[in-house]
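Take a look at the structure set out below.
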Amino acid sequence: MAVALHEKAGELSLALEWGLVGLDYIIRWADEKILEGEDVSGELCDLSLATDAKSALTALNELAQGSAFWPSAARVLRRIAEIEDLSPRSAATLAKRVYFLGMRADAPEAYQNLMHHWDHIDLAINGTLSTPEQATKEFIQDVSAFVDRQRNG
């Protein structure tokens, strides 16, 4: 199933903000969309010409208007689940982002169930609980289970 341009822009906005994709990736995506002639809007051209993350985020957020936030967030979590070698420090940073997703007033319960990983990973890094590698592994496992439920649900 193809994801609509505005839905993909919402996903990429979060992915860029979270450090899961770089500016080069975003620009290549915009260039591909322009070449496809799918929607050659001013925002897509601005995105193709972006020179920094801030201007790319502005263009992505303009393109994402009208998209549903939670499906985009689920696709970003899918990106996390696909990371093969995630360091504990990177996992802590991503778990913090997931924590803030769960704090949103409109957050579905499935996102709230992932909130504890930020504390768990930080405590493991500080030597208080578990090992950083184990805490990271548990985070990825829970995110993967979330992604599987989203696909099958």
Side-chain angles (χ1 to χ4, degrees), residues 1-108 110-115 117-118 121-122 125 132-133 135-153:
M1 177 174 77
V3 177
L5 182 76
H6 69 287
E7 297 289 339
K8 187 68 174 181
E11 172 191 344
L12 291 176
S13 176
L14 278 175
L16 178 62
E17 186 178 332
W18 289 20
L20 294 169
V21 298
L23 182 59
D24 290 347
Y25 180 91
I26 298 296
I27 291 170
R28 279 192 309 275
W29 175 78
D31 291 345
E32 288 172 10
K33 293 302 166 192
I34 289 169
L35 290 173
E36 291 172 6
E38 185 174 316
D39 177 17
V40 185
S41 64
E43 292 84 7
L44 195 56
C45 291
D46 288 345
L47 186 57
S48 175
L49 299 171
T51 57
D52 58 52
K54 183 179 178 182
S55 60
L57 283 169
T58 299
L60 282 167
N61 290 332
E62 287 291 323
L63 284 169
Q65 286 187 4
S67 67
F69 178 79
W70 293 109
S72 293
R75 287 189 301 277
V76 170
L77 289 181
R78 186 174 306 133
R79 288 175 179 271
I80 294 171
E82 294 170 352
I83 298 173
E84 291 184 19
D85 192 23
L86 185 63
S87 74
R89 293 251 179 241
S90 295
T93 300
L94 291 171
K96 180 180 180 180
R97 297 287 190 164
V98 172
Y99 175 86
F100 285 115
L101 279 180
M103 290 294 295
R104 290 175 56 120
D106 62 337
Y111 291 88
Q112 295 170 0
N113 292 337
L114 295 172
M115 291 173 62
H117 287 287
W118 180 28
I121 295 169
D122 276 347
I125 289 171
E133 295 75 22
T136 298
K137 181 179 176 183
E138 290 169 7
F139 173 58
I140 294 297
Q141 287 173 340
D142 280 358
V143 169
S144 294
F146 168 88
V147 168
D148 288 344
R149 284 191 304 275
Q150 294 297 308
R151 282 187 186 141
N152 300 325

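- Counting only distance, with no hydrogens or angles, the side chain of Gln112 and the backbone of Ala107 share a donor-acceptor pair below 3.5 Å.
- Nearest heavy-atom pair across Leu86 and Thr136 is O-CG2, 3.5 Å.
- Arg75 places a side-chain N or O within donor-acceptor distance of the main-chain N or O of Glu7, the cut-off being under 3.5 Å.
- Residues Asn113 and Phe146 fail the side-chain proximity criterion, which asks for heavy atoms closer than 4.5 Å.
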Begin with the C-alpha distance, continue with both residues' side-chain angles, and end with the deciding distance and a verdict on side chain to side chain contact (heavy atoms under 4.5 Å, CB included) for Asp106 and Tyr111. CA-CA 10 Å; Asp106 62 337; Tyr111 291 88; over 6 Å; no

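- Looking at Val147 and Ile80, their side chains never come closer than 4.5 Å, going by heavy atoms from C-beta outward.
- Taking both residues in full, the closest heavy atoms of Ala56 and Leu16 are given as CB-CD2, 3.8 Å, listed atom of the first, atom of the second, then distance.
- Here the straight-line distance linking atom CG of Leu12 with atom CD1 of Ile26 works out to 4.0 Å at 0.5 Å rounding.
- Looking only at side-chain heavy atoms (C-beta outward), Trp70 and Gln150 stay at 4.5 Å or farther from each other.
- Residues Ile83 and Leu94 are in side-chain contact: their nearest non-hydrogen atoms beyond the backbone lie under 4.5 Å apart.
- The CG atom of Leu63 sits 8.5 Å away from atom CG of Asp46, with the distance rounded to the nearest 0.5 Å.
- We find the CG-NZ distance between Leu57 and Lys54 to be 10.0 Å, quoted to the nearest 0.5 Å.
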Side chain to side chain contact (heavy atoms under 4.5 Å, CB included) between Leu101 and Phe69, worked out: CA-CA 10 Å; Leu101 279 180; Phe69 178 79; 3.4 Å; yes

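- In this structure a side-chain-to-backbone donor-acceptor pair under 3.5 Å is present from Ser144 to Ile140.
- Taking every heavy atom of both residues into account, Ala95 and His117 meet most closely at CB-C, 3.9 Å.
- Taking 4.0 Å as the cut-off between side-chain N and carboxylate O, Glu36 and Lys33 count as a salt-bridged pair.
- Here the CD1-OG distance, from Ile125 to Ser87, works out to 8.0 Å after rounding to the nearest 0.5 Å.
- Minimum interatomic distance between Ile27 and Ser48 (heavy atoms only, all atoms of both residues): CG2-O, 3.4 Å.
- Shown here for Val76 and Ala15, the closest heavy-atom pair between the two residues is CG2-N, 4.0 Å.
- Across every non-hydrogen atom of Pro88 and Ile121, the tightest pair is O-CG2, 3.5 Å.
- Side-chain atoms of Arg97 come within 3.5 Å of backbone atoms of Glu17 as a donor-acceptor pair (strictly under, hydrogens ignored).
- Side chains of Lys8 and Trp29 form a contact here, defined as non-hydrogen atoms less than 4.5 Å apart.
- No donor-acceptor pair under 3.5 Å is formed between the side chain of Glu43 and the backbone N or O of Leu60.
- Counting non-hydrogen atoms of other residues, nucleotides and ligands closer than 6.0 Å to CZ of Arg104 gives a total above 12.
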